[in-house]
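A quick write-up on the structure given underneath.
FYI, side chains are in, hydrogens and waters are out, and symmetry mates aren't considered; it's all heavy atoms of this structure. Everything numeric here is computed off the predicted structure, so don't read it as measured data.
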Amino acid sequence: ESVKSLDFDSVHGAVCVNLSPVRNAAGRVVAVLECVQDATLVRDLADRLQVKQTRLAAETERFRTVVNSLADGIYTVDLAMRITGFSRSAEKITGYREAEVLGTPCREIFRTSVCETDCPLQWTLKHHQPVQNCTATLVAKEGRRIPAFLSSDLLRDGDGRVCGCIGIIRDRSEVEALKAK
């Protein structure tokens with residue numbers, strides 16, 4: 001039952017204090033053994049980690065702002081084809097909110113004309129090549145059919161391993177309406 005604490009002191013630097021009870025033969029605590037260690041290195045590492053976390057949070061927010069400012073719908077899936085991210089434009093195009101779709105297989109959300117036969121994301125995962133402007137028809141939440149171009153590319157983790165795919169939806173509804181006129 002030792003107790004550890006990390007104390008930061010602006011005068012003496014950082015110290016780690018470890019308190020351990022010393023018991024007699026009957027099991028009663030008769031003393032406390034105190035071990036004090038210099039923890040300046042730990043403090044420096046903790047400070048650097050905090051700076052990096054702050055920068056990462058700011059960069060993540062910047063990236064999210066960029067993605068959400070695009071007209072094309074952007075979404076990400078893991079290797080099991082479950083949705084892991086969903087932009088505001090993807091919400092607008094499909095009628096689904098991000099919270100509704102996270103963790104759901106993408107084919108259940110998009111219900112495209114190519115989901116079961118020529119899914120661009122599955123092709124990208126299999127061949128490790130991007131797909132550009134695959135023609136498809138999505139079915140929005142309320143049942144409306146949406147002509148679209150679908151594009152895809154691989155997502156990799158920090159070690160370069162494939163961890164999923166990014167999908168891009170370009171709504172062609174206006175173009176198709178103009179063509180019809």
Going by heavy atoms in the side chains, are [X] and [Y] under 4.5 Å from each other?
X: Val32; Y: Pro21; result: no
X: Leu155; Y: Val162; result: no
X: Gln132; Y: Ser151; result: yes
X: Ser20; Y: Val22; result: no

Work out which heavy atom in [X] is nearest to a heavy atom in [Y]; give both atom names and the distance.
X: Ala26; Y: Asn24; result: N-OD1, 2.9 Å
X: Ser152; Y: Pro120; result: OG-O, 3.0 Å
X: Val17; Y: Leu19; result: CG1-CD2, 3.9 Å
X: Glu100; Y: Thr104; result: O-OG1, 3.8 Å
X: Thr94; Y: Ala90; result: OG1-O, 2.8 Å
X: Arg111; Y: Ala140; result: NH2-O, 2.8 Å

For this session: Indicate if Val30 and Leu33 have the same hydrophobic cluster label, given that clusters are the connected sets of ILVMFWY residues with side-chain heavy-atom separations under 4.5 angstrom.
Result: yes
Exercise. When clusters are formed by joining ILVMFWY residues with side-chain heavy atoms under 4.5 Å apart, either directly or through shared neighbours, do Ile169 and Leu125 land in the same one?
Worked result: yes
For this session: Using a cut-off of 6.0 Å, state whether more than 12 heavy atoms not belonging to Gln53 lie near its atom CD.
Result: yes
For this session: Tell me, yes or no, whether the heavy-atom count around Arg64 atom CZ, taken from other residues, nucleotides or ligands under 6.0 Å, exceeds 12.
Result: no
Problem set entry | Salt-bridge contact Arg88-Glu91 (side-chain N to carboxylate O under 4.0 Å) | no
For this session: Give a yes or no on whether a salt bridge exists between Glu61 and Arg55, defined as a side-chain N under 4.0 angstrom from a carboxylate O.
Result: no
When rounded to the nearest 0.5 angstrom, what distance separates [atom1] in [X] from [atom2] in [Y]?
X: Leu79; Y: Arg82; atom1: CG; atom2: CZ; value: 9.0 Å
X: Glu108; Y: Met81; atom1: CD; atom2: CE; value: 12.0 Å
X: Ser173; Y: Arg145; atom1: OG; atom2: CZ; value: 11.5 Å
X: Arg170; Y: Leu70; atom1: CZ; atom2: CG; value: 9.5 Å
X: Lys141; Y: Ile93; atom1: NZ; atom2: CD1; value: 15.5 Å

Any donor and acceptor pair, going by atom type alone, linking the side chain of [X] with main-chain N or O of [Y] inside 3.5 Å?
X: Asp118; Y: Val114; result: no
X: Thr76; Y: Gly85; result: yes
X: Ser89; Y: Gly73; result: no
X: Asp159; Y: Arg161; result: no
X: Glu98; Y: Phe86; result: yes

For this session: Would you please test Leu121 and Tyr75 for side-chain contact (heavy atoms from CB on, under 4.5 Å) and show each step?
Result: CA-CA 11 Å; Leu121 280 77; Tyr75 64 101; 3.3 Å; yes
Problem set entry | Candidates Val101, Thr84, Val77 - the one meeting side-chain contact (heavy atoms from CB on, under 4.5 Å) with Cys106 | Val77
For this session: Go through the steps to decide whether Ile168 and Leu150 satisfy the test side-chain contact (heavy atoms from CB on, under 4.5 Å), and finish with yes or no.
Result: CA-CA 6 Å; Ile168 302 169; Leu150 305 178; over 6 Å; no
Problem set entry | Residue pair Ile83, Asp78: steps toward the side-chain contact (heavy atoms from CB on, under 4.5 Å) verdict | CA-CA 7 Å; Ile83 296 173; Asp78 61 16; over 6 Å; no
For this session: Determine, stepwise, if the pair Val139 / Thr112 fulfils side-chain contact (heavy atoms from CB on, under 4.5 Å).
Result: CA-CA 6 Å; Val139 180; Thr112 73; over 6 Å; no
